[in-house]
Every structure is written in C-alpha cells, then in structure tokens.
Asker: 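One structure coming up, written as structure tokens, with questions to follow.
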Amino acid sequence: MLSMTCRSLDFGTRVLDLVAASIERHSVKNVGKTFTSKVYGARRMVCSRLNIRRTRVFPTNTSKALLDGVGEQTTPVLDLKKEAKSPVSLANLFEVVADDLQTLNQNLQSIVGAENPVLMSAAEQIFGAGGKRMRPALVFLVSRATAELAGLKDLTTKHRRLAEIIEMIHTASLIHDDVLDESDMRRGKETVHQLYGTRVAVLAGDFMFAQSSWYLANLENLEVIKLISQVIKDFASGEIKQASSLFDCDVELEEYLLKSYYKTASLIAASTKGAAIFSGADRSITEQMYEFGKNLGLSFQVVDDILDFTQSAEQLGKPAGSDLAKGNLTAPVIFALEKEPKLREIIESEFCETGSLDEAIKLVNQCGGIERAQELAKEKADLAIKNLQCLPQSNFRLALEDMVKFNLERID
Ligand code: IPE
Ligand code: IPE
Ligand code: MG
Ligand code: MG
C-alpha cells in the first residue's frame, strides 16, 4: 500500500536522496553564496547549526504528481462565487464530530508526558493552548463517512487512537518547527522553546514523536504503521529541505510543493487514509482518501503561506510576515520572482538594507504573487473535492467538503 502511494507520487525511496547531496542519480546544483552577517541571517544560523551545506538537489525524475491540476483548464467543482455567500465556521463544520473531539482532548491530556514533569509542562503548554484540531477532526469525519460505507455502526478504539496519534505527531512537529523558525508565539501563547529553552523543546518534540510511535505500534496494523512512520520521516525531510534552500531564488514551484508535501500534506494524507483503512474500506476508497488528504494538505500549506503575508500576528496567533524575512520563499514569492527580477536582487542580499524587506513584500503584492498563490490553493482544493466524490452522500462527506471551503475562505 505504501509503495503504491509513493510510486504514484513518484518520489518514494528518493525521500532521503533529495536531502543528501551525494547520490549520483540526481543532478546537483550548487547555489552556495558567501555567508555574510545580515539583519536576519537566518540561513547562516539555521544552516550552520544543522551543518547543512546550501546545496540544492534536484530529482531527475520529477514529482509531477504534485503539480496535478496546477494551471490546468479543467471544470472546477467548487463554485467559489456561490460558496462565498455562505461562509463556513469551524465550530459548525466540526459539529457532527464534536463529541469525538471532546473525548480526544481528554485523552490527549492524559497520555502525553505523564512520566516527566518538565515534559508534561511543555506538553500542557502547547496542547492547552488549543489549536484547530483539524487533523483529528478529519480522522473522525473520514472514519464516519467510510464506516457507513463498510456497515460499521460506530467508531472503533483504533479510529480514536489514530486521531490522538496524529495530533501528537502534529504537535511534536510544531514544537520542532518553532525551534527551527525561531518563532516565539504559537496558538496565541509563548512557544515551548521560548518558555523552557531549546533543549527542552527538542526533547519534548522527540518524546512526543516517540510516544506516538509506541501507540502506533500498539495499533498492530502494519499498513497503518508503515503509513504513519513514513510521515515522521517526511516531516524531517521537509524541514531539512527548507533549511537548505533559504534565500534561494532558484527554487521552483515543484520543489516548493514537494517540501509542502513532506512538511504538511503527508500527515494529512496519512490521517485520512488511515481512517479509511480502520473502517475496512476498499483499496480504491483508501487511495482516494489519501489523495484527498494530500490535496487538502497542499492547499492548506499554500493558504498558510499566503496568510503569513496578509494577516497580523494577533489574527494568526503566531508571528506574521516572517517566512520571507527568514528566507523561506513560499508560493507568493516564487510566482512574484517570475515577474519581477528586482525581487531576486533584494532577496539575495538577505534584506541587508533598511526598508528592503518592506520593498520586497510590496513587490510580491504588486506583481500578483498573492493572487497566483490563491489560484494554486484553489486548484488543489478543487482536486480535493473531486477526491470526495467516491463517498456516499452524508453529513460527514458534506463536512469534509466544507473543510476544504473553510480553508479557502481564510484567504478571501
Ligand atoms: C500549522 O497547522 C502548521 C501548518 C501546517 C501550516 P495548523 O494551522 O493546523 O495548526 P493548529 O493545530 O491549528 O495550531
Ligand atoms: C508547517 O510550516 C509546519 C509544520 C508542518 C510543522 P510552517 O512553518 O509554515 O508552519 P507555521 O506557519 O509555523 O505554523
Ligand atoms: Mg513555522
Ligand atoms: Mg507558516
């Protein structure tokens, strides 16, 4: 099952190859530049701390599957004008799984970090801060939508444990991501490393990854174990990929999508597929649920990257405007770079001149970077809605469709 998934994405066993510069199957392009002390200096800091050489590696067999739908003239299933009239609220769309989410929150508190007071405090800090609980909600919605199909009356304990494992992995990845991004705010509160220091944050993240692996093994389903353990590896690959391409203006859309798949979409895809597997759904359905999660996850990351440009820290509950400042070139910048050569100059100077970051942000806006990124998010959302067409009509399928729309409405 896993190998099928990887084959269809066309990068299966090359995951690590992408971050290792020495594999001869790939052409290697060195874009190293002189490391100078600059205002943000993020590339210097992250790369030198991780001892990552600024070397970009291109797979010779490109992951075309991730570009599915990009710029294609297919008939969209999402009527955005019509949808805009009925905005979706998160509370409404999670209503059908509200009880499931409540039980999840209680269980999460009791299973994380109970053995160590420091880790327990760190875990409480981030779990207690809230979060949308989007991934467990997806697990519950897909579980219920596919359980009906397979004649199951209620969720099983395996479905519920899967949702807890997924949120644990997500939370661990946020703790580590905040260390790497040097972010001081998450879910409207101070980050774990800000409060307890980097060492505790790294250990707390590691502990949660390990804890989730233990619970995963106890599910005793080899297909799901393989699926989810690949996700943990993908997350690290995505972060390494990002850290090794900071301020790199040659980064292409395909590479950005691949990184986004590793960092974000892989976990969401595994959540939705894992849920369908535990319902005993047919392979054709589990594969469609994987594609649904992948496309929603890509759309979600593109939206998150747009919001980094368009919203305030108060609205986001985390730092705003920091991706570009730290050299993380996301979809809006990649599109803007195609139109505006001056942007490259400013980015490559790592914003050494006062006001140059603001000028770069202005250029991204002026040359349509945000609009094109919005189009990309919509294209992926449209694919996600199509992936749901294999499910019978139900309130759960409707809520899944609404989730895709809710994500897009964040950038309206
Ligand atoms: C944040 O995910 C990380 C990304 C993948 C962009 P969420 O926006 O789902 O974070 P929480 O769980 O609601 O805080
Ligand atoms: C997603 O990327 C991070 C994870 C999947 C952990 P970002 O770096 O954009 O996430 P935020 O913006 O910090 O939430
Ligand atoms: Mg981050
Ligand atoms: Mg972000």
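None of the values given here were measured: they were computed from a predicted structure. Excluded from the calculations below are hydrogen atoms, water molecules and symmetry mates; all remaining heavy atoms, backbone and side chain alike, are included. Whatever order the structure lists ligands and atoms in, that order sets their numbers, starting from 1. Starting from 1, each residue takes its place in the sequence as its number.
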Asker: Does Asp181, backbone or side chain, put an N or O under 3.5 Å from an N or O of ligand 2?
Answerer: yes
Asker: Could you list each nitrogen or oxygen of ligand 1 that sits under 3.5 Å from a protein nitrogen or oxygen, with the atom names and the distance?
Answerer:
from     : atom 1 : to     : atom 2 : distance (Å)
ligand 1 : 2 (O)  : Arg135 : NH2    : 3.3
ligand 1 : 8 (O)  : Lys132 : NZ     : 2.5
ligand 1 : 9 (O)  : Arg135 : NH1    : 2.8
ligand 1 : 9 (O)  : Arg135 : NH2    : 3.3
ligand 1 : 12 (O) : His170 : NE2    : 2.8
ligand 1 : 12 (O) : Arg187 : NH2    : 2.8
ligand 1 : 13 (O) : Lys132 : N      : 2.9
ligand 1 : 13 (O) : Lys132 : NZ     : 2.8
ligand 1 : 14 (O) : Arg187 : NE     : 2.8

Asker: For the backbone of Arg186 and the side chain of Thr191, can you confirm whether one donor and one acceptor N or O come within less than 3.5 Å of each other?
Answerer: no
Asker: Distance check below 2.8 Å: does Asp177 bring an N, O or S atom to the Mg ion (ligand 3)?
Answerer: yes
Asker: Could you pull out the atom name of the N/O/S atom in Asp181 that is nearest the Mg ion (ligand 3)?
Answerer: OD2
Asker: Give the ring-plane orientation class for Tyr261 versus Tyr290, where under 30° counts as parallel, over 60° as perpendicular and anything between as tilted.
Answerer: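 Aromatic pair Tyr261/Tyr290 classed tilted.
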Asker: Taking both backbone and side-chain atoms into account, decide whether Asp178 has an N/O/S atom under 2.8 Å from the Mg ion (ligand 3).
Answerer: no
Asker: Check whether any side-chain N or O of Arg397 sits under 3.5 Å from a backbone N or O of Leu391 as a donor-acceptor pair, and report yes or no.
Answerer: yes
Asker: Do side-chain atoms of Asp308 reach the backbone of Asp304 as a donor and acceptor pair under 3.5 angstrom?
Answerer: no
Asker: Taking only heavy atoms of Phe235 into account, list the atoms of ligand 2 that are under 4.0 Å away from them.
Answerer: 6 (C)
Asker: Please determine whether side-chain hydrogen bond (donor to acceptor under 3.5 Å, both in side chains) holds for the pair Lys263 and Gln242, giving the CA-CA distance in whole Å, both sets of side-chain angles, and the decisive distance to 0.1 Å.
Answerer: CA-CA 9 Å; Lys263 275 181 65 181; Gln242 182 167 304; 2.8 Å; yes
Asker: Check for a donor-acceptor pair, side chain of Asn365 on one end and backbone N or O of Ile361 on the other, with a separation under 3.5 Å.
Answerer: yes
Asker: Does the ring-ring contact (aromatic ring centres under 6.0 Å, His included) test come out yes or no for His176 and Phe209, once each step is laid out?
Answerer: CA-CA 11 Å; His176 281 185; Phe209 279 128; 5.6 Å; yes
Asker: Applying side-chain hydrogen bond (donor to acceptor under 3.5 Å, both in side chains), run through Gln301 and Thr264 and close with a yes or a no.
Answerer: CA-CA 7 Å; Gln301 185 63 51; Thr264 304; 2.6 Å; yes
